[in-house]
Every structure is written in structure tokens, then in C-alpha cells.
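What you see is a predicted model; the values in this text were computed from it and never measured.
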Amino acid sequence: MTYTFDPLVPRPIDQPTPIDLTATFTPELSVALDEAKIFSGPARVGDRDAWRTRLHAWREDARSRHNYVGATYDNPRAQWAAHCRTIAQVWLWDELLYSFDENRFTPELFIADAKERFAGLDGVVLWHAYPIIGLDDRNQWDYYRDVPGLRQLVDDLHAAGLRVFVDYNPWDIGTRRGGTDQDELTAVIRDFDADGVFLDTLKKADPELVSALNTAKEGIVLEGESKLAVERTEDHASSWAQFFADSEVPGVLRAHWYERRHMQHHVRRWHRDHSEELQSAWLNGVGLMVWEVVFGVWVGWSERDANTLRRLLTVARAAEDLLLTGEWTPLAPLSAAAESAGVYASAWEKDGVTLFTLVNRGTTDWTGPLTDGDDAPVVVVPGRSIAAATTVSADAPAWYAELAAAVEAANAIPAGSPAFEHRMARPVGRATTSSQPASEPSVPIASGEHVLTVRYRARETGMYQGAPYVDEFKPLPPRLHDARTLQREVILEQAVRVAATEVTNAQFAEFVATSGYEPAVRHRYLAHWIADAPAAGTEADPVTFVNLDDARAYAQWRGARLVTEDEWQLAAASADFGRGTPRVWNWTDSEYSDGRTRFSMIKGGADYCAEGSDWYIEGGIHAPDYAVKYLRAGLGLDRSATVGFRIAWDGEAS
């Protein structure tokens, strides 16, 4: 059968796995079930006892086949993973975590926001290199080691009770080579006291790497992207439940059923409605990945979904032991009225206490008896949301009071609006006019209306207002990385003259000597110079290792301003437009921010090109109509060996 990719529909490999209850349970059937992401829930209520019996039989057989011991989960240094229910994927230069105005990390703002909206986080993945890696020869390790104050940020997050994951990109093979990935990663773990490693694009790490990482830090937690092989549940304490499609009647997560202490984090990165992930997580007793800035694109959680997560965590944190060690009954029997309304539950029982984690698949609130029987409690389950309920024997254990209070508090939290709150990227930081006429060879651009065609590659960064992956299940080629075009209609209020070449090392040296300019952060500033001067023979080369702030300061000193991306493209059509050597990308004053991501459009391309992965920035020389959305990094990390700039003046030549 030929499979036609539809990004709005789960792929076959993401679909839940049905359990054939009519077939004899054989070794072959058991092995086949190892491949499941989610075991489908049976539609018929009468099939559910047999379904649960088969789940138990598979787990017992699979543990025997794979000689399961569970040593990773018994290690006291790794046991925190089973309680790490909410983890945030955060861009290191997210404007909630870093201030471009103050040039410092702001973990206090990030933590306060998470506490207010989500009832706090348990961990963070500090995403650092992609999607800006490949601009120059810096490798993924440089993007950690070269960040001033990064260890202090990790210490601050630890002090707030968060666990910190670093990111490993095995596809980074075309940048500067240093030690082996194993040696580099173990060094990063030691240097920054990381608690875990996110295995980008990997489902699991090789056993040799697992051993080395545990030597670097005993109990290091490894979290792969997507389905983890059953046999590797032994040494991977966590995994993503990414793009997992649940059945209409909610199913059971295979990895968490196999080992209750294995923490999974549900995530569908582009979805604006997270209710399905929240419901599956709630019924399975697992966690969520909160990912609001996806590689530079805002995909923030709605008020309703954030409140649902708060409700989930309020109860889960009070019921940790119950969720990990209690008797778990998926698709627990409920009243016929609840079942017909699309309400489902898991039951977790211990010491005479039963916690019901309830979900409502319908769109309207449902109120009714929890179970059949005259003494059944009445529950309210909001539409497309969750609720909790408890029953208890006459002799309630001491810990029940805390759980009962948490359930009452969680059920009282309002559902909130399901609307997606857009964030529009606005221009920031640019000078509007120059103060002097052009003072060097330049390319004139007429005032008036201009229509430009802009070409770009559909990376996950998107372009000006995000990426086109709204509620797609999993963007794949040709949706991802394909060549695209857009039209820009530009009005220039007055004529502009764009410098014919980039600013050179010699010109920038004159600026520094004359003005006494000092950047707010010196890190990587003019890193290619020797003794504060250009190296002999490079005076005429385009100046690099400068960021937008440095470039703007130079332009102001010259009575000019930075060129915008549109002006750059219009000027580049002229035969008088030149490129220095070596050829480098050009900063433009087309800088934007949506309040969480700061980015600038860069033009022209460079001689440098990182090879070997589609995840790198597209290097090499590009035509004038080509643009790259470059996410800005702070503390000087956006100063590059391959990016220079040119200036512009308003009006006609003098």
C-alpha cells in the first residue's frame, strides 16, 4: 500500500496498537506488542476485563524476555525522574529567560511565569544550538561552553528545585571537530552539573554512551525523542511521548505500563490544543512537555490548557506514591451515564484509598454519578478536560487528608479560555533615519512602492510570523525544509543609498580608535583581531565578530544607519553592489521580537557552509532574494566569523 502523507493525520507508526482479544496469547503476539506506543482502549465495556488481563500478561512476558531488573529506577540518584512530571523545552535566549536590555539571564522571571500559569515546573531542557548552528564552524559544545554565566544559570535553576537537561545533537558532524561526542558530552555534564540529557532525534543512546555518561554523573537521566525500545527501558528513565495518537477510547502508554517509574512526557510541539495530550497523561499518570517557543516560533499554551495542567499537577504531586505504587486499573468501571457522555477514568488504589483520574472526551461539561450505585459520589468533568475524585474506606490513612484537599482545590480551578493567544513579531532596535548624506560609493534606491519576492527554506523557525505547522501532527518533508517564496510589498518614504560594500576591518578600527566605543558585553567582540587591531593583510576584509549593537554604533558614528533587508535586496540588483572577500552574511536592521524570541533577517550568504545535516543553517552564497531568519543569541554569542554588515543613508547623494 502506498502511504500518502497528510500532516493533519497521524502516520501509521504513530497510531495506537490494538490488542486482539480473540487470538491466543502467544510469544509471537507478545513480541509484536513490544512495538506499541499506546495500547488501544477497547470500545466495548464488556471487553475491558480481558483487555486488562492481556496487558498484565504482556508485561510479565516482556519483562521475562528482556531480563528486566530495573536497576536504573532503584538508583537513589536517578529516582527523581519518576517525579519529573512537567518539563519545559526552553530556548536559551528566550526573552523570558534572558534580557537583551540587561544582558543577563532572568531565571526568576521564567520561574515565576511557570509557577503562575502551570503550577511550576520540575525540569527544563536548555536548548542551545539548533536552529542557529551552522552559521560558522562552532559546534554544539561551543554553544554551551562559550556562554558566560551558564553554570550560574544552572545553579539558579537547581536552587529553585528544577532539574536541568542538556541537549545532545548527534547530527552535528559538519562543524569544528574536537573530541568524540562521548568525551564532549561527558565534559559538558561535569562542567554544568547537568541532571539529564535530551537525545535529540534519537530514541535511545548506545550502551557505551550510557555507561560513559553514568561515569560522568551517576544516575544521569537520559530522555529520548519518541518511542523507546522495550529492552532499553532498563537504562533510560524517561522518554518523550511525542506525536503519540491515542485511541477513541483512551489507551495505555506501553513504556509506562511496562515500568511505572518510567516517566514519559506527552508533547505535540505545533498543536494549539493540548487537551488530548493532557488527557492521556492524566489517565496514565505521566507528565507533559511544555514547549511554548518552538525553535523561534510562538506556540503558547491557551489559558484552558495551562489551567488543566495546573489541576493535573495539583493532584499528581499530592498523589505521587499512589500513582507510582498503587494498583492501577486503566479504563476503570464508571456509571453508564458517564460512559455514554465520553467520560473515562483510571483508578489508583492503595491503603483503602482510590483516586479516580477522569477525562471528558466531549466538548461540554458533564455532571453525574461516578459509578453505578446509590452511594456513588457526583462528579463534574469539564468538556475536553480533566477532573479527580476519591473514595476511601472508614479507616483513612494519614496521607489521605492532603490528597483530598488537592482534589478539592484542583476541581475548583476554572477551565479558562481555549483561544490561542497570538504573538506578533514587531520591529525592534532599528534607526529610522540617517543624519548625514552618503559619504562613500553607494547604490541608489528610488523612493516609492516596491514589490519583492523573498525565497527561503521552511525551517522550523518559520519566517516573520511563525511557521505554517498549525496543529499538524508531525511536519515532515516536503512540509519541512522545502523551498518557499513570499511576496513583500515595500514602501520607501524617501530615496536611500546603500553602501556598495561591507564595512571593513580598517574602517571599524578607525571607528574604535576615534570614538572609544566599548560594547556592553565584550565577549567574542572582534575576536579575530590581534592586540586590538586587524591582523596584517586583513584590513580590507569585511569586519566580522560584531553583532547588531556594534554595527548600529558604527553606523551612528558615520551619520548613517544599518541597511534593512528590503533595501539590501533592492540594492543587490545593481551592478554597483559589491561583496568583500571572504564573502560573509550581512546583518540587516530588520530585527524583530514577539516578546519571547528576538531575531534578525540576514542576507547574502557566506563562503562557509556546514555540510552533513539538514538541521544546519543553509550556508554558502545565496542570491539577493534569499533570506534567513536568524535567532539572536545574547552575551556576544551572536558575534560570528561569518557575519558582517553594510550601512545606508537616506536621501540622494550630496
Side-chain angles (χ1 to χ4, degrees), residues 34 36-38 59 62-63 66-89 121-126 154 157-158 161-168 170 182 185-186 188-190 192-242 244 252-267 281 284-290 313 316-317 320-321 323-325 328:
D34 283 7
K37 289 185 174 183
I38 295 180
R59 180 171 60 195
R63 286 185 170 188
H66 296 295
N67 300 311
Y68 183 70
V69 177
T72 292
Y73 306 92
D74 293 332
N75 185 340
R77 294 181 180 271
Q79 288 176 353
W80 61 267
H83 308 277
C84 188
R85 297 190 171 278
T86 307
I87 188 168
Q89 182 98 278
L121 299 168
D122 300 310
V124 295
V125 180
L126 294 179
V154 174
L157 294 170
H158 280 160
L162 277 68
R163 299 289 181 164
V164 177
F165 287 72
V166 293
D167 168 41
Y168 169 43
Q182 179 173 299
L185 182 53
T186 54
V188 163
I189 290 169
R190 291 191 183 101
F192 298 106
D193 192 25
D195 304 289
V197 177
F198 170 65
L199 305 168
D200 177 37
T201 71
L202 295 177
K203 297 177 181 178
K204 62 185 184 301
D206 291 334
E208 296 79 8
L209 180 58
V210 174
S211 177
L213 296 180
N214 272 284
T215 300
K217 185 171 184 177
E218 183 186 354
I220 193 80
V221 170
L222 307 181
E223 180 152 4
E225 185 174 2
S226 195
K227 182 181 71 174
L228 177 67
V230 174
E231 64 271 18
R232 301 308 300 282
T233 311
E234 180 69 58
D235 57 8
H236 289 64
S238 197
S239 63
W240 279 14
Q242 181 176 216
F244 282 24
V252 166
L253 289 170
R254 184 263 297 161
H256 190 66
W257 178 260
Y258 183 78
E259 169 52 77
R260 191 90 64 85
R261 294 170 294 178
H262 181 83
M263 179 53 70
Q264 293 187 272
H265 296 109
H266 257 296
V267 57
N284 282 273
V286 299
L288 278 297
M289 168 69 74
V290 176
L313 292 174
R317 287 171 178 160
E320 286 285 2
D321 182 63
L323 293 174
L324 287 174
T325 66
W328 175 17

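- Take T72 and apply the side chain to side chain donor-acceptor pair (under 3.5 Å) test, not counting sequence neighbours, and it matches no residue.
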Would you please test V166 and L185 for side-chain contact (heavy atoms from CB on, under 4.5 Å) and show each step? CA-CA 9 Å; V166 293; L185 182 53; 4.3 Å; yes
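- In this structure, the separation between CH2 on W240 and CD on Q89 is 4.5 Å, given to the nearest 0.5 Å.
- The distance from atom NE2 of H256 to atom OG of S238, rounded to the nearest 0.5 Å, is 11.0 Å.
- A side-chain donor-acceptor contact under 3.5 Å links N284 to the backbone of L253.
- Between the side chain of N214 and the backbone N or O of G219 there is at least one donor-acceptor pair closer than 3.5 Å.
- Closest approach of A194 to I220, counting heavy atoms only: O-CD1, 3.5 Å.
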As a quick check of understanding, evaluate side-chain contact (heavy atoms from CB on, under 4.5 Å) for K203 and R232, giving each step before the final call. CA-CA 9 Å; K203 297 177 181 178; R232 301 308 300 282; over 6 Å; no
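- Distance CD1/I189 to CG/L213: 4.5 Å, rounded to 0.5 Å.
- Under a 3.5 Å cut-off, the side chain of R254 and the backbone N or O of L228 do form a donor-acceptor pair.
- Residue A82 comes nearest to M263 through the heavy atom pair O-CE, 3.1 Å, listed as atom of the first residue, atom of the second, then distance.
- Looking at R77, its side chain never comes within 3.5 Å of a backbone N or O of E218 through a donor-acceptor pair.
- Applying the side chain to side chain donor-acceptor pair (under 3.5 Å) test to R85 and every residue at least two apart in sequence or in another chain returns E320.
- No donor-acceptor distance shorter than 3.5 angstrom exists from the side chain of R190 to the backbone of K217, with no hydrogens or angles considered.
- With hydrogens and angles disregarded, no donor-acceptor distance shorter than 3.5 Å links the side chain of S239 to the backbone of G224.
- Aromatic ring pairs are classed by plane angle as parallel below 30°, tilted from 30° to 60° and perpendicular above 60°; the pair H266 and F244 is perpendicular.
- The stretch residues 206-237 participates, sequence neighbours left out, in no ring pair (Phe, Tyr, Trp, His ring centres under 6.0 Å) pair at all.
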Are V154 and L126 close enough, and set up right, to give a side-chain contact (heavy atoms from CB on, under 4.5 Å), and what steps lead you there? CA-CA 9 Å; V154 174; L126 294 179; 4.2 Å; yes
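- Interatomic distance, CG of D193 versus CG of D195, reported as 6.5 Å (0.5 Å rounding).
- Under a 3.5 Å cut-off, the side chain of Q79 and the backbone N or O of D74 do form a donor-acceptor pair.
- Side-chain atoms of H66 and D34 include a donor-acceptor pair closer than 3.5 Å.
- In this structure, CG in L323 is found 15.0 Å from CZ in R261, a value given to the nearest 0.5 Å.
- For Q242, the side chain to side chain donor-acceptor pair (under 3.5 Å) partners two or more places apart in sequence, or in a different chain, are E225, R269.
- Shown here for P170 and Y168, the closest heavy-atom pair between the two residues is CD-O, 3.2 Å.
- Side-chain contact between V164 and F192 is absent, with no heavy-atom pair separated by less than 4.5 Å.
- Here the side chain of T186 pairs a donor or acceptor atom with the backbone of Q182 at under 3.5 angstrom.
- In this structure W80 satisfies the ring pair (Phe, Tyr, Trp, His ring centres under 6.0 Å) test together with F165, sequence neighbours excluded.
- With hydrogens and angles disregarded, a donor-acceptor distance shorter than 3.5 Å links the side chain of T233 to the backbone of V230.
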Verdict with reasoning, F198 to I87, per side-chain contact (heavy atoms from CB on, under 4.5 Å): CA-CA 11 Å; F198 170 65; I87 188 168; over 6 Å; no
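- Take K204 and apply the salt bridge (Lys or Arg N to Asp or Glu O under 4.0 Å) test, not counting sequence neighbours, and it matches no residue.
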